Amino acid sequence: MLEIENPVGRAVLWTLLSGLAVACDRDEKTRIRLLVGNEPADSIEFVPVTSFAEYVELPGLGNEFRITLAGYGASCEKFVPPGDGQASVTVTIVTPPGSEPKPGEYAWSGHAAHGGTSSRPERAYALPTARIGNKSYGFPPGGFVTITALRLLPQGEAEGLLAFEFPGDGATSAKGIQGRFVANICRFDQAMEREKPGSTLKPR
């Protein structure tokens, strides 16, 4: 057993160990579990290296709140695909025109369930997608995302829980995304800002 006689040394060691424990606990709480098929390579877990959210109001359509969690150095400014063995998850919450996202549960039950169209729904919904290496994946209906805390403003923050799960059937293998997340808002585009004369904000 390591013994440190110097009180200062003990204090430094305690600080380092406490910081390590907190970091490990935080990593475990934000670990993302992704399943896209039956093969061993179709199941992956990662602690997000990059986490961000984007809010875009689309004039005449619904509003989109996109949460991206990546196990590598992704970017809010441009699309950066994952490398071999790397993964990312994006969940897009789409709300009806004039309705902002707020804390609560958003289910993915298929486009027919929310009514309207995919870009102008009658009821809010969440659409999960994922990438592993150079492959992208959609998910059959099943599960939800819960926003537990949200500061919807520039440089705001979102926290929540991913609980998407499709058990599989005779035609499609089981798929799912589980885990907790914390994401800073890196993009905040309101329709009224884009409509101002001389504005350079545009949906992308």
Side-chain angles (χ1 to χ4, degrees), residues 30 32-37 42 48 50-70 74 76 79 87-132 135-154 156-169 171-194 202-204:
T30 58
I32 303 299
R33 296 170 175 83
L34 173 62
L35 176 66
V36 295
D42 295 334
T50 308
S51 303
F52 59 83
E54 304 167 84
Y55 178 61
V56 180
E57 293 181 355
L58 304 174
L61 300 173
N63 303 320
E64 294 187 356
F65 188 66
R66 293 191 295 268
I67 302 159
T68 298
L69 311 170
C76 181
F79 173 66
S88 66
V89 168
T90 298
V91 176
T92 303
I93 296 173
V94 185
T95 58
S99 176
E100 295 182 345
K102 60 185 67 175
E105 184 178 295
Y106 298 88
W108 171 225
S109 303
H111 287 304
H114 60 65
T117 65
S118 59
S119 58
R120 188 184 173 91
E122 295 175 357
R123 293 171 294 280
Y125 71 95
L127 180 66
T129 58
R131 296 183 69 93
I132 299 178
K135 294 183 179 180
S136 59
Y137 302 89
F139 290 79
F144 54 88
V145 56
T146 299
I147 302 296
T148 56
L150 175 62
R151 293 191 301 121
L152 190 64
L153 71 167
E157 187 178 75
E159 298 183 28
L161 171 69
L162 303 175
F164 294 100
E165 184 174 7
F166 174 73
D169 54 27
T172 306
S173 61
K175 293 184 176 183
I177 308 172
Q178 289 86 35
R180 297 185 179 276
F181 66 87
V182 178
N184 294 323
I185 297 177
C186 64
R187 181 184 178 204
F188 188 85
D189 288 2
Q190 289 184 304
M192 62 180 183
E193 292 180 338
R194 289 196 299 270
K202 297 179 181 179
R204 62 179 183 182

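Computed from a predicted structure; not experimentally measured.
- Partners of Glu64 according to the side-chain contact (heavy atoms from CB on, under 4.5 Å) rule, which considers only residues two or more places apart in sequence or in another chain, are Leu58, Arg66, Thr92, Val94.
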In sequence, state the C-alpha distance, the side-chain angles, and the governing distance for Leu35 and Lys175, and then conclude on side chain to side chain contact (heavy atoms under 4.5 Å, CB included). CA-CA 5 Å; Leu35 176 66; Lys175 293 184 176 183; 5.5 Å; no

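- Scanning for side-chain contact (heavy atoms from CB on, under 4.5 Å) contacts around Ala163 gives Phe144, with sequence neighbours left out.
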Run the side chain to side chain contact (heavy atoms under 4.5 Å, CB included) check on Arg187 and Val56 step by step: do they pass? CA-CA 8 Å; Arg187 181 184 178 204; Val56 180; 3.5 Å; yes

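- Looking at residues two or more places apart in sequence or on another chain, you find a side-chain contact (heavy atoms from CB on, under 4.5 Å) between Ala74 and Thr50, Phe52, Ala70, Tyr72.
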Does Phe181 form a side chain to side chain contact (heavy atoms under 4.5 Å, CB included) with Val145? I'd like the steps, not just the answer. CA-CA 10 Å; Phe181 66 87; Val145 56; 3.9 Å; yes

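- Residues Ile185 and Leu153 are not in side-chain contact: their nearest non-hydrogen atoms beyond the backbone lie 4.5 Å or more apart.
- Counting only distance, with no hydrogens or angles, the side chain of Asn63 and the backbone of Ser99 share a donor-acceptor pair below 3.5 Å.
- Looking at every heavy atom in both residues, Pro141 comes nearest to Ser109 through CB-C, 3.5 Å.
- The ring-ring contact (aromatic ring centres under 6.0 Å, His included) test applied to Phe65 returns no partner, not counting sequence neighbours.
- Atom CG of residue Leu162 and atom CD1 of residue Ile67 lie 7.0 Å apart, to the nearest 0.5 angstrom.
- In this structure, Ser173 and Gly37 approach most closely via the heavy-atom pair OG-CA, 3.4 Å.
- Of all the heavy atoms in Ile132 and Ala87, the pair that sits closest is CG1-CB, 4.0 Å.
- For the side-chain hydrogen bond (donor to acceptor under 3.5 Å, both in side chains) test, no residue two or more places apart in sequence or in another chain qualifies with Ser88.
- Across all their heavy atoms, Leu69 and Pro48 have their closest contact at CB-CG, 4.2 Å.
- With values rounded to the nearest 0.5 angstrom, Tyr137 atom OH is found 12.0 Å from Ile177 atom CD1.
- Contacts classified as side-chain hydrogen bond (donor to acceptor under 3.5 Å, both in side chains) and involving residues 113-132 (residues at least two apart or in different chains) are given here: His111-His114.
- Of the possible polar contacts, none joining the Lys102 side chain to the Leu150 backbone as a donor-acceptor pair under 3.5 Å is found.
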For Val36 and Phe139: C-alpha separation, side-chain torsions, deciding distance, then whether side chain to side chain contact (heavy atoms under 4.5 Å, CB included) applies. CA-CA 8 Å; Val36 295; Phe139 290 79; 4.0 Å; yes

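- Glu159 CD to Ser51 OG: the interatomic distance, rounded to the nearest 0.5 Å, is 11.5 Å.
- Between the side chain of Gln178 and the backbone N or O of Phe164, at least one donor-acceptor pair lies under 3.5 Å.
- The two residues Pro97 and Pro121 have their closest heavy-atom pair at CD-O, 4.1 Å.
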